[in-house]
Amino acid sequence: MARPAVRVDAVLVQAVIAGALSFAHLHDLAAAAGQAGWKAWAYPISVDLLLVAAWRRLRSGGTRSAAWCWFVVALTASLGANVATAGLLDLGDVPAWLRILVAGWPAVAFLGGTLLVHGSDEPDEEPLQEATPPHPAPSFPALPAKETEPASTSTAPVPPALVALARKVADEHRTRTGSAIDTPTLRARLGVPLPLAEAIAAQLT
């Protein structure tokens, strides 16, 4: 059987070329700012790692505000190096403010990476709207013999998607605290009325 031809992914090739050029620009800028030797090579690695950490947090469904913040910071550092080394900056006479930014970058990258890796994994969740009660059944005139009987009430079924979300919240609570989640906490996390929270909690046991 003939072997399939090897396909070259144009997007992957473009990503490799762009990454190599950005890596070189960051190295040249760091070297021009006084970071010689191995330190100049560490700067592009630091920027790329922060970009990857922010992108992974965005893909994992974690706290998106922090992930976007650090993604923009790392992207600005990479893009700034590309523009600065394109002839708009004299690498033989780097201004003092740029030397300060380059020297302070390791602390910024360490802070961002730590917050992204060890930060909260809880997704940004919008409060769930209160479940709409079912439409009441049409009323008919009651028979005289049954006027004193109390009207029966029906309980609205819990949507499966809401039960799945509640189970995820309960598992995260058990992992973080070591104990099962109680109904008031579950109600506060989901933003639902107490009767609906009790119905959901009954299905989690």
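Residue numbers start at 1 and run along the sequence shown. All values below come from the heavy atoms of this structure, side chains included, with hydrogens, waters and symmetry mates left out.
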CD1 of I181 to CZ of R187, rounded to nearest 0.5 Å, is 13.0 Å
Please name the pair of heavy atoms, one in E198 and one in T183, separated by the smallest distance, quoted to 0.1 Å.
CG-CG2, 3.9 Å
Of all the heavy-atom pairs spanning A74 and V47, show the shortest one and how long it is.
O-CG1, 3.6 Å
Supply the atom-to-atom distance R57 CZ to S65 OG, rounded to the nearest 0.5 angstrom.
10.0 Å
If I take atom CH2 from residue W70 and atom CG from residue L75, how far apart are they, to the nearest 0.5 angstrom?
14.5 Å
Same cluster or not: are W55 and V72 linked, directly or through other Ile, Leu, Val, Met, Phe, Trp or Tyr residues, by side-chain heavy atoms under 4.5 angstrom apart?
no
Quick check on the hydrophobic clustering: are I17 and I45 connected, directly or via other members, by side-chain heavy-atom contacts under 4.5 Å?
no
Only one of W38, W41, Y43 forms a ring-ring contact (aromatic ring centres under 6.0 Å, His included) with H27, so which one is it?
W41
Which atom of R99 lies closest to which atom of A32, heavy atoms considered:
NH2-O, 3.8 Å
Report whether L111 and V108 are members of the same hydrophobic cluster (ILVMFWY, side-chain heavy atoms less than 4.5 Å apart, transitive linking).
yes
Would you kindly confirm whether L98 and V73 end up in one hydrophobic cluster when ILVMFWY residues are joined by side chain heavy atoms under 4.5 Å apart?
yes
List the atom of A54, the atom of A67, and the distance in Å for their closest heavy-atom pair.
CB-O, 3.6 Å
Across all chains, not counting sequence neighbours, the side chain to side chain donor-acceptor pair (under 3.5 Å) partners of D48 are none
Could you tell me which non-hydrogen atom of Q35 sits nearest to which non-hydrogen atom of V102, and how far apart they are?
CG-CG1, 3.8 Å
Closest heavy-atom pair, A77 versus L26, reported as atoms and distance to 0.1 Å, is O-CD2, 3.7 Å
Quick check: do L79 and T76 have side-chain heavy atoms less than 4.5 Å from each other?
no
Taking C-beta and beyond as the side chain, do H173 and S179 meet within less than 4.5 Å on heavy atoms?
yes
Would you mind checking if E172 and R167 are paired as a salt bridge, meaning a charged N to carboxylate O distance below 4.0 Å?
no
If hydrophobic clusters are built from ILVMFWY residues whose side chains come within less than 4.5 Å, do L50 and F110 share one?
no
For A81, does its backbone N or O pair with a side-chain atom of T85 as donor and acceptor, under 3.5 Å?
yes
